[in-house]
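Below, each value reflects all heavy atoms present in this structure, side chains not excepted, and no hydrogens, waters or symmetry copies. For this chain, numbers begin at 1 and follow the sequence in order.
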Amino acid sequence: MTDTPSSRRGTDVVEELRQLMTGFRGLERRIGDHFELNATDTAALEIIARVPGTTPSRLVADLNVSRGAVTFVLDRLEAAGLITREPNPADRRGVVLRPSPAAVADVRTIMVGIGTRLQAHFAALPPEHQDAVLDFLREVRTSFGVPEPDQR
């Protein structure tokens, strides 16, 4: 492959995304350390706190783990007082997952600074750059087979 400015920028983008993923893993570790959770439990708690009415099936898909693994995760989170399971009004055989108020407050405290900084950086971009960033991120997400948030 020829080393062109475009190929170097592509390499730079890949490296920046890799570094960003490392940063997000660090953030998840901070949340996990705060609650004394492993990585999978932390990811599940973050989803439950972010998506109202999350179901165990949603966690199976989002975490890419088995139903049995999700059951163990939920048992640990519930025993720690971080979530509750409530009857699903749309499916009497199922449950919806709710974070405890304390878990929501703690996760928000940790996450709010990150979200505020990301939004500030994004808002500082000209609108045409914002569109390009969103298009790029959506294409990358799609190329990895991750569905749109409202389709999970």
Side-chain angles (χ1 to χ4, degrees), residues 10-125 129-152:
T11 301
D12 290 347
V13 165
V14 170
E15 183 56 30
E16 290 298 326
L17 287 172
R18 201 173 295 149
Q19 293 299 319
L20 187 58
M21 290 186 321
T22 299
F24 279 118
R25 282 192 298 271
L27 177 61
E28 286 179 345
R29 275 193 302 278
R30 281 184 35 213
I31 293 170
D33 290 348
H34 176 79
F35 290 112
E36 299 180 358
L37 300 174
N38 67 40
T40 303
D41 293 5
T42 301
L45 179 61
E46 188 274 327
I47 293 166
I48 294 165
R50 182 174 41 84
V51 182
T54 298
T55 64
S57 296
R58 164 91 188 243
L59 291 179
V60 167
D62 284 2
L63 299 174
N64 196 28
V65 296
S66 70
R67 292 186 75 64
V70 164
T71 298
F72 285 123
V73 167
L74 296 178
D75 289 347
R76 288 190 297 268
L77 293 175
E78 191 170 42
L82 298 172
I83 66 158
T84 59
R85 300 179 216 202
E86 300 174 4
N88 186 340
D91 176 3
R92 62 187 180 106
R93 295 173 297 153
V95 296
V96 292
L97 309 167
R98 306 267 185 231
S100 71
V104 169
D106 285 354
V107 169
R108 280 197 181 135
T109 297
I110 295 168
M111 297 295 287
V112 74
I114 301 296
T116 300
R117 285 193 306 244
L118 287 172
Q119 289 175 1
H121 288 300
F122 188 75
L125 295 172
H129 290 183
Q130 291 178 358
D131 291 341
V133 168
L134 281 172
D135 290 345
F136 173 75
L137 292 173
R138 288 176 179 143
E139 291 216 14
V140 169
R141 177 187 40 77
T142 301
S143 75
F144 283 103
V146 179
E148 291 186 39
D150 62 348
Q151 294 180 350
R152 293 182 188 167

Working to the nearest 0.5 Å, report the span between CZ of R85 and CD of E78. 4.5 Å
Using modelled atom types and a 3.5 Å cut-off, is there a donor and acceptor pairing between side-chain atoms of S143 and backbone atoms of V140? yes
Measure the spacing between CG of D91 and OG1 of T55 and express it to the nearest 0.5 Å. 9.0 Å
Inter-residue atom distance L45.CG - E28.CD, 0.5 Å rounding: 11.0 Å
Run V51 and D62 through side chain to side chain contact (heavy atoms under 4.5 Å, CB included) and show every step you take. CA-CA 12 Å; V51 182; D62 284 2; 5.8 Å; no
Locate the shortest heavy-atom distance separating V60 from V65; write the atom from each residue and the value. CG1-O, 3.1 Å
Please check this pair: side chain of Q130 against backbone of F122, looking for a donor-acceptor N/O pair closer than 3.5 Å. yes
Is there a side-chain contact between L97 and P56 in this structure, where contact means two heavy atoms from C-beta onward sitting under 4.5 Å apart? yes
What is the minimum heavy-atom distance between R98 and G53, and which atoms define it? NH1-N, 3.1 Å
Donor-acceptor pair, side chain of S100 and main chain of G81, under 3.5 angstrom: yes
More than 12 heavy atoms of other residues, nucleotides or ligands under 6.0 Å from CG of N64: yes or no? no
For residues 101-121, tabulate all N or O donor-acceptor pairs below 3.5 Å that involve a side-chain atom, not counting sequence neighbours.
| residue | atom | partner | partner atom | Å |
| --- | --- | --- | --- | --- |
| D106 | OD2 | H34 | NE2 | 2.9 |
| T109 | OG1 | A105 | O | 2.8 |
| T116 | OG1 | V112 | O | 2.8 |

Consider only side-chain N and O atoms of T22 and R25, and report whether a donor and an acceptor are under 3.5 Å apart. yes
If we check side-chain contact (heavy atoms from CB on, under 4.5 Å) with I48, which of these qualifies: L74, V73, L82? L74
In residues 13-21, what donor-acceptor pairs under 3.5 Å come from side-chain atoms, sequence neighbours left out?
| residue | atom | partner | partner atom | Å |
| --- | --- | --- | --- | --- |
| E15 | OE1 | R18 | NH1 | 3.2 |
| E15 | OE2 | Q19 | NE2 | 2.7 |

Show the numbers, then the answer: is there a side chain to side chain contact (heavy atoms under 4.5 Å, CB included) between N38 and R76? CA-CA 10 Å; N38 67 40; R76 288 190 297 268; 3.7 Å; yes
Of all heavy-atom pairs linking A44 and L77, the shortest is CB-CD1, 4.1 Å
